[in-house]
Amino acid sequence: MDVRRLAAIDMYGSVGARWRRWVILGEFLLGVIGGLALGIYLILLGGTGQLVFGLWVLGVALNYAPLSVYALMLIAPGALERELAGVDVLAQLRHYTTRQFAVLVPLLLVAFDLRRRRNAGT
């Protein structure tokens, strides 16, 4: 899974509304900040259930980190359009609609992004 493409397609949506880009950026940033805060809070509560759930929340929150980085890069004027130039957005939207639930698997998007970066040499 290409995490950068997932962020771009999510930000563009089906019609490319400019307001959507900001909403998605806010969602990604809230996912990181809110998820980290909630995960730490749950861990600090103590107890096995809270610890396990808190660790899961932290892993999910970290999935939003690469999405947030890409969204911040793509929010610049014209960046999203350049990223999606020549892409069949509707086909990609159908492709990534169900795959975006991978964010619920702790650290999965982080692993996908690290692998892509390693393979790309960036």
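The first residue of the sequence shown is numbered 1, and numbering continues consecutively from there. Values reported hereafter were calculated over all heavy atoms of this structure, with side chains retained and with hydrogens, waters and symmetry mates removed.
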Checklist entry - Hey, mind stepping through I43 and V57 against side-chain contact (heavy atoms from CB on, under 4.5 Å) and telling me if it holds? => result CA-CA 10 Å; I43 290 169; V57 170; over 6 Å; no
Separation between [atom1] of [X] and [atom2] of [Y], rounded to the nearest 0.5 Å:
X   : Y   : atom1 : atom2 : answer
L36 : L62 : CG    : CG    : 5.5 Å
L67 : I24 : CG    : CD1   : 10.0 Å
L74 : E81 : CG    : CD    : 9.5 Å
M73 : E83 : CE    : CD    : 8.0 Å
R99 : D2  : CZ    : CG    : 12.5 Å
L6  : H95 : CG    : NE2   : 9.0 Å

Are [X] and [Y] joined in one hydrophobic group, where the rule is that I, L, V, M, F, W and Y side chains link up if heavy atoms are under 4.5 Å apart?
X    : Y    : answer
I33  : L25  : no
L42  : L30  : no
L114 : L109 : yes
L107 : I40  : yes
F112 : F101 : yes

Do [X] and [Y] have side chains that approach each other closer than 4.5 Å (heavy atoms only, starting at C-beta)?
X    : Y   : answer
R5   : L84 : yes
Y12  : L80 : yes
V110 : P66 : yes
D10  : R20 : yes
S14  : L90 : yes

Item to check | Trace of the side-chain contact (heavy atoms from CB on, under 4.5 Å) decision for Y64 with E27 | outcome: CA-CA 9 Å; Y64 281 97; E27 173 194 339; 4.3 Å; yes
Next on the checklist: Assess the residue pair L108 and M1 against the criterion (side-chain contact (heavy atoms from CB on, under 4.5 Å)); give the C-alpha distance rounded to whole Å, side-chain angles, the decisive distance to 0.1 Å, and a yes or no.
Outcome noted: CA-CA 10 Å; L108 185 61; M1 177 184 302; over 6 Å; no
Item to check | Side-chain donor/acceptor of W56 to backbone N/O of L104, under 3.5 Å | outcome: yes
Checklist entry - Counting N and O atoms only, with roles assigned by atom type, does the side chain of R21 sit under 3.5 Å from a partner on the main chain of A71, one being a donor and the other an acceptor? => result no
Item to check | Stepwise side-chain contact (heavy atoms from CB on, under 4.5 Å) check, Y70 with V3 | outcome: CA-CA 8 Å; Y70 290 129; V3 179; 4.2 Å; yes
Item to check | Enclosure of F53 CZ (heavy-atom neighbours >12, cutoff 6.0 Å) | outcome: no
